[in-house]
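So you know, we letter chains A, B, ... as the sequences are listed, proteins then strands, and number each from 1.
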There are 4 protein chains.
Amino acid sequence: MTERESAADTPKPRRRRKDARPGEIIEAGLQEFAENGFAATRLEDVAKRAGVVKGTIYRYFSSKEELFEAALASRITPFFDDVAGLVAAYPGSSEELVRTALPRIYKALFEDGLHVMMRIIITEGGRFPAIAELYHQRVISRGQEVIAALVRRGVERGEFRRSALTDLPIVVVAPAVMTIVWKMTFDRFEPIETRRFLDAHVDMVLEGLLAKDRGGTEAADG
Amino acid sequence: MTERESAADTPKPRRRRKDARPGEIIEAGLQEFAENGFAATRLEDVAKRAGVVKGTIYRYFSSKEELFEAALASRITPFFDDVAGLVAAYPGSSEELVRTALPRIYKALFEDGLHVMMRIIITEGGRFPAIAELYHQRVISRGQEVIAALVRRGVERGEFRRSALTDLPIVVVAPAVMTIVWKMTFDRFEPIETRRFLDAHVDMVLEGLLAKDRGGTEAADG
Amino acid sequence: MTERESAADTPKPRRRRKDARPGEIIEAGLQEFAENGFAATRLEDVAKRAGVVKGTIYRYFSSKEELFEAALASRITPFFDDVAGLVAAYPGSSEELVRTALPRIYKALFEDGLHVMMRIIITEGGRFPAIAELYHQRVISRGQEVIAALVRRGVERGEFRRSALTDLPIVVVAPAVMTIVWKMTFDRFEPIETRRFLDAHVDMVLEGLLAKDRGGTEAADG
Amino acid sequence: MTERESAADTPKPRRRRKDARPGEIIEAGLQEFAENGFAATRLEDVAKRAGVVKGTIYRYFSSKEELFEAALASRITPFFDDVAGLVAAYPGSSEELVRTALPRIYKALFEDGLHVMMRIIITEGGRFPAIAELYHQRVISRGQEVIAALVRRGVERGEFRRSALTDLPIVVVAPAVMTIVWKMTFDRFEPIETRRFLDAHVDMVLEGLLAKDRGGTEAADG
DNA sequence: TATGAATGAGTCTTCATTCAT
DNA sequence: TATGAATGAAGACTCATTCAT
């Protein structure tokens, strides 16, 4: 329609809007939901971001809620499988394993975009039990298993001590959760590099705060 | 809290049923906002919960947002001061201090209702920067200071080792954050006692996972 | 708003829009539904006709359908009771009774506005079973009883013959139904006075078409 | 309809499943319009019922309304011609003629599906004057003529009396109209066999209610 | 100050209609 | 000619906000 395009004989100069498949809509929805939450997201905006018109969304999803659920379900990915494989096959020490596994988890979260999902689950999970449950089944439970396996391995090999922590191994990933929360709330006022969270995380998980050699010294509080 | 009340033993002469002052409205708002988020909360419901009528809310707050902000601001309480005092005056070992401080934090959060605030900050902070900032200034920063002081104390006394964790001491409270998130999303599918989170928390913070070679003494927590 | 009212010190000069009670809305709805049918009626138009704004309707009715049902229900009037009383107490011949009762029914229908109801029931009854049922119970069944009583009376007094018609007495009012249908569809192309329908109705009901050989007597209605 | 087809005796080489010509679409439309009314009928449903896709409808009809009108027009059948022929040629008594003609009308209506048309005219006629007019011209007027001829015949032969009814002969078919209305609204709550309507109809038309020989005899059912 | 009826802008949802293939 | 994805104008419904009492 503009002259700029006149040069081409290309039969499908801009192929209309043919890329408006559910995929684009889901992606757009994911972004909007993550940014605004379910209630505050306007389908109009989702449509705009997807490059379609409001009505088009309804060709694929029968309601805002269904889009929401479909969007989330589509991203429920077995991302812990990666870690699971690692744990199962790891040849080295359990400490090394932790030092390898946690960075992978951070990478999946913050580089591969998984934290968007987590953000939505955290903010909307309370209001969409079905989704929270799905996520719990598919991701959280699986994650717990993997972490538990990792911890168990360490204990069995005599590398980790048995403790309240090994009784609730999920707590091992708590700092990653906190990082997500931090990034979505306070980071703009006090930015912290993910890397630093990761380092502190690994550190705490492995060593805790206490100085190791409390040997004969028994320094402290005496 | 105000002097006006000090004079009287008067049985509150006239004043409608629910005592519909801003206080009730704020309290009701807090609950609703925590349950539904800002966008999905209807002033009608807030009013009902407060025992007043929708219009009445506007007598005290000029908009939904103002109520929201007022409600949160009213609860931004220096609850870390308590811990701060504890840290400053603690006579015992830093390990003991941690074992004392963390339970207090959990109590403040889960027994005194502070997690309601946290929940709101977490779910809405991204959309209300002003509020997140306020909370960051008044609560988070203060909390960081207190935790940092605690950690520093331990390091200075030679009880804690210096590490990536002591460089980002806030991570020490990560499991509490995770507990809040868990309670608001997955607890209904997999209930976990707060106490267990706390135990694992203390455990991880102090000892980490590694089976420490504590010389022959085998001193610790036995 | 007009000077005509200026004389008064009346504290509520034009009482705003205070007459926008459910009654007005129902009345407006009835008109619109009768004119356009349920699906084609826009709440906006109902509101306008009632002198209110769209949203106001929802203060009283939670949906278009509820308004529709409420409107109809409110007009389901025992208008046959009148005829019932007449039949019960009538002193004269059954022929006279018919000649008295049918005009009353026509008056109720066409002068007192009942045909609006009938029109809606006819056009929408198939799609609103609940309403049709209510109408059937409250009006049609009652009407049948009354007509049946009237017919039975005639038969018992030897004035009416027993026949297929007296076995299905509702058919006696068929021409009134046809009149309603005519008025709503063909009257604009071929207007027929209600009176003529009524006359033919009475005539057919009483005498039928056949030239009765009434012996020498020529008894009847002369 | 086009010449292109003229060349071939080809056994309809390609043509999809349901043979999606206007005929199917019209038939489907008729059903849907009869069931739901014009406004509440969705072209999507019409298409589905016709075994085509929504867009296909627009190949034959430029709008929903045009389909509606075309559908109705296609069924405006001179179904009274049948009765007209009967009346013109009938050798027997007029009473017999009525006893022959009315069942035919009922058959056309309820067995040959004409009541579907009537139903639509009744429910939508008020909103589609053009259609009502067409129907009035082609069917109603013609019907009136036929009925009038029948009645006139009886009067002229001395079999029927002259009366208000013979002045408005259309009323003679009123019970058939009522039967249609009953079937579409109350039949589900109180089913009545068409046959019974017909019997009462014939009965009323011919004899009316009155006992014939009201002479001195006072014969009847005493 | 409190009420609650009324407002009207905003959003979801539907569906007749268009159009590239 | 048929398809079905896309459009966009409507229309139902919600709810923050106002205002007369």
Side-chain angles (χ1 to χ4, degrees), chain A residues 11-12 15-22 39-47 50-67, chain B residues 14-17 20-21 39-47 51-67, chain C residues 11-18 20-22 39-47 51-67, chain D residues 2 4 14-17 20-21 39-47 51-67:
Chain A
K12 292 181 196 170
R15 71 190 170 81
R16 221 161 83 85
R17 176 115 310 138
K18 224 3 305 169
D19 43 347
R21 289 140 307 175
T41 288
R42 294 178 314 161
L43 249 15
E44 177 103 41
D45 293 338
V46 175
V52 299
V53 146
K54 228 181 342 174
T56 302
I57 295 176
Y58 287 85
R59 173 158 292 283
Y60 302 100
F61 310 97
S62 63
S63 70
K64 183 183 179 181
E65 187 160 340
E66 191 178 288
L67 167 60
Chain B
R14 27 87 252 196
R15 192 172 264 170
R16 307 182 156 277
R17 58 202 132 129
R21 290 143 312 174
T41 288
R42 292 177 313 165
L43 251 17
E44 178 99 41
D45 293 337
V46 174
V52 299
V53 164
K54 227 186 339 177
T56 304
I57 295 177
Y58 285 84
R59 202 137 282 292
Y60 300 100
F61 309 96
S62 65
S63 72
K64 184 183 180 182
E65 188 159 341
E66 191 178 302
L67 166 61
Chain C
K12 293 181 199 173
R14 56 232 137 106
R15 68 193 172 78
R16 218 160 84 86
R17 176 115 310 137
K18 217 26 272 188
R21 288 141 308 176
T41 289
R42 294 178 314 162
L43 249 17
E44 176 104 41
D45 293 338
V46 174
V52 298
V53 147
K54 227 181 343 173
T56 303
I57 295 177
Y58 288 86
R59 174 158 292 282
Y60 300 101
F61 309 98
S62 64
S63 71
K64 184 182 179 181
E65 186 159 341
E66 191 179 289
L67 166 61
Chain D
T2 69
R4 249 171 297 151
R14 30 72 270 189
R15 191 173 263 167
R16 307 185 156 277
R17 58 206 134 130
R21 289 143 314 174
T41 288
R42 292 177 313 164
L43 250 17
E44 178 98 41
D45 293 338
V46 174
V52 299
V53 163
K54 228 185 338 175
T56 304
I57 295 177
Y58 285 84
R59 205 136 281 292
Y60 300 101
F61 309 96
S62 65
S63 73
K64 184 183 180 182
E65 189 159 340
E66 192 179 300
L67 167 61

N/O (side chain, K54(B)) to phosphate O (OP1/OP2, dG4(E)) under 4.0 Å: no

5'-most by nearest nucleotide on DNA chain F - S63(C) or I57(D): I57(D)

Derivation of the side chain to side chain contact (heavy atoms under 4.5 Å, CB included) call for Y60(B) and L67(B): CA-CA 8 Å; Y60(B) 300 100; L67(B) 166 61; over 6 Å; no

Closest approach of V53(B) to A47(B) (non-hydrogen atoms, all atoms of both residues): C-CB, 3.7 Å

Below 4.0 Å: OP1/OP2 of dT1(E) and any side-chain N or O of Y58(B): no

Whole angstrom value for the distance that separates P of dT3(F) from CD of E44(D): 13 Å

Base-pair map of DNA chain F as dot-bracket, where | denotes pairing with a different strand and pairs are Watson-Crick or G-U under 3.5 Å: .||||||||||||||||||||

Under 3.5 Å donor-acceptor, K54(D) side chain and V46(D) backbone: no

Distance (rounded to the nearest 0.5 Å) between T56(C) OG1 and F61(C) CZ: 11.5 Å

Given DNA chain F, 5'-ward residue of the pair E65(C) and T41(B), judged by closest heavy atom: E65(C)

Short side-chain N/O contact from R59(A) to OP1 or OP2 of dA6(F), under 4.0 Å: no

Side-chain donor or acceptor of K64(C) paired with backbone N/O of R42(C) under 3.5 Å: no

Nearest-neighbour nucleotide for the R42(B) side chain, dA16(F), dA2(E), dA16(E) considered: dA16(F)

S63(D) OG to L43(D) CG distance, which is reported to the nearest 0.5 Å: 9.0 Å

Side chain of V53(D) - closest among dT3(F), dA5(F), dT1(E): dT3(F)

Separation of atom OH in Y60(B) from atom P in dT17(F), rounded to whole Å: 18 Å

L43(D) CG to dG4(F) C1', straight-line distance once rounded to whole Å: 14 Å

Rounded distance (Å) that lies between atom C1' of dA9(F) and atom NZ of K64(D): 15 Å

Value in whole Å for how far the C1' atom of dA5(E) lies from CZ of F61(C): 14 Å

